[in-house]
> 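Below you'll find the structure I mean.
By convention in this document, chain letters (A, B, ...) are assigned in the order of the sequence lines, proteins followed by strands, and residues within each chain are numbered from 1.
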Amino acid sequence: MTRTLHPDDFLPDSPTVARELIGAILLVDGIGGRIVETEAYDRADPASHTFNGPTPRNQAMFGPPGRAYVYRSYGIHWCLNFVCREEGHGAGVLIRAIEPLEGLKEMRRRRSLDDPKLLCAGPGRVGEALGIVLDMNGLRLDRKPFKVLARDRDYDIVTGPRIGISKAMELHWRFGLAGSPFLSRRFSPASRPTP
DNA sequence: CGAACGATTAGCT
DNA sequence: GCTAATCGTTCGA
């Protein structure tokens, strides 16, 4: 039995939410799959878009929890985050990789790619496969076009430093489903499953 | 107003 | 492993 996540489920700190999201199902207009990799960001976090306070781009992250924060990465890719904490805090979770389960045909068409292991293995790839666009910025995650279902059981989780950043490398705020073939990158062998 | 810089990816060595 | 591609955001002058 699965439960649709409610905005209140996103009130805890972002590393806690990022960990809870491993194994959850994310669908956009019915297309998507199981979340297998996430990263947490917080206001008091030099690597976060919100570190220097509110700007036009990051306003959604300072809005209420349980909403989408969509941003353009490297002028090319649309990346999806889930806003966490109480309104005004500025925290969120980046969705970095998904195990494709629903709408494989449409995802393959959007990505011009067959290999399911590469369809959603990275935040930009997730954005392309799920059809994320800027119009979705700020939308509630418990309403169309989104559907987010809580994980149906416990999963073994691995952690490590976040990818593609140069600050706060000491924070191990990247979370992954242990052994998943759908990760954007392997976790360091030194990273061990956590309880 | 100009310029540097990315929470990345694909393609090549 | 290395780098070009590509453009909106952000910050300093």
> Grab the CD-C1' distance between A:Glu128 and B:dT9 for me, whole Å please.
10 Å
> Can you tell me how far P of B:dT8 sits from CG of A:Leu118, to the nearest Å?
16 Å
> I want to check one thing: is the phosphate of B:dT8, taken as OP1 and OP2, less than 4.0 Å away from some side-chain N or O of A:Arg185?
no
> By nearest atom, which of the nucleotides B:dA10, C:dT10, B:dT8 is closest to the A:Arg96 side chain?
B:dT8
> Using whole Å, what does the distance between atom P of nucleotide B:dA7 and atom CE of A:Met169 come to?
12 Å
> On DNA chain C, check which nucleotide each of A:Tyr74 and A:Leu134 is closest to and give me the residue with the more 5' one.
A:Tyr74
> Can you tell me how far CD of A:Glu106 sits from CG of A:Leu130, rounded to the nearest 0.5 angstrom?
10.5 Å
> How about A:Phe82 and A:Val17: do any of their side-chain heavy atoms sit closer than 4.5 Å?
no
> In Å, rounded to the nearest 0.5 Å, how long is the span from OG1 of A:Thr38 to CG of A:Leu177?
10.5 Å
> Does a nitrogen or oxygen in the side chain of A:His77 sit under 4.0 Å from OP1 or OP2 of B:dT9?
no
> Looking at C:dG8, I'd like to know if its phosphate oxygens (OP1 or OP2) sit under 4.0 Å from a side-chain N or O belonging to A:Arg57.
no
> Nearest whole Å is fine: how far is B:dA7 C1' from A:Phe175 CZ?
15 Å
> Where does DNA chain C form stems of at least three consecutive Watson-Crick or G-U wobble pairs, each pair having both distances below 3.5 Å?
B:1-6 with C:7-12, B:8-12 with C:1-5
> I need the CZ-C1' distance between A:Arg162 and B:dG6, as an integer number of Å.
15 Å
> From CZ of A:Arg72 over to C1' of B:dT9, roughly how many Å is that when rounded to an integer?
13 Å
> Ring of A:Tyr71 versus six-membered ring of B:dA7: centres under 5.5 Å and planes under 30°?
no
> Measure from the side chain of A:Ile163, starting at C-beta and using heavy atoms only, and say which of B:dA7, B:dT8, C:dT10 lies closest.
B:dT8
> Quick one: does any side-chain atom of A:Asp13 pair with a main-chain N or O of A:Thr16 as donor and acceptor, under 3.5 Å?
yes
> What is the separation between atom CG on A:Leu183 and atom P on B:dT9, rounded to the nearest whole Å?
13 Å
> Are A:Arg125 and A:Glu128 close enough, and set up right, to give a side-chain contact (heavy atoms from CB on, under 4.5 Å), and what steps lead you there?
CA-CA 5 Å; A:Arg125 291 162 170 170; A:Glu128 185 170 32; 5.8 Å; no
> Can you tell me how far the OH atom of A:Tyr71 sits from the CG atom of A:Leu94, to the nearest 0.5 Å?
5.0 Å
> Select one nucleotide: of B:dA10, B:dA7, C:dC11, the one nearest the side-chain heavy atoms of A:Asn52.
C:dC11
> Which sits closer to the 5' end of DNA chain C, A:Ile76 or A:His49, going by the nucleotide each is nearest to?
A:Ile76
> Evaluate the side-chain proximity of A:Arg34 to A:Tyr155: yes if any heavy-atom separation is below 4.5 Å, no if none is.
yes
> Taking only N and O in the side chain of A:Ser73, is any of them less than 4.0 Å away from OP1 or OP2 of B:dA7?
no
> Start at the 5' end of DNA chain B and walk down; is the nucleotide closest to A:Ser166 or to A:Gly124 reached first?
A:Ser166
> Rounded to whole Å, please give me the gap between CH2 in A:Trp78 and P in C:dT6.
16 Å
> Please check this pair: side chain of A:Ser14 against backbone of A:Val93, looking for a donor-acceptor N/O pair closer than 3.5 Å.
no
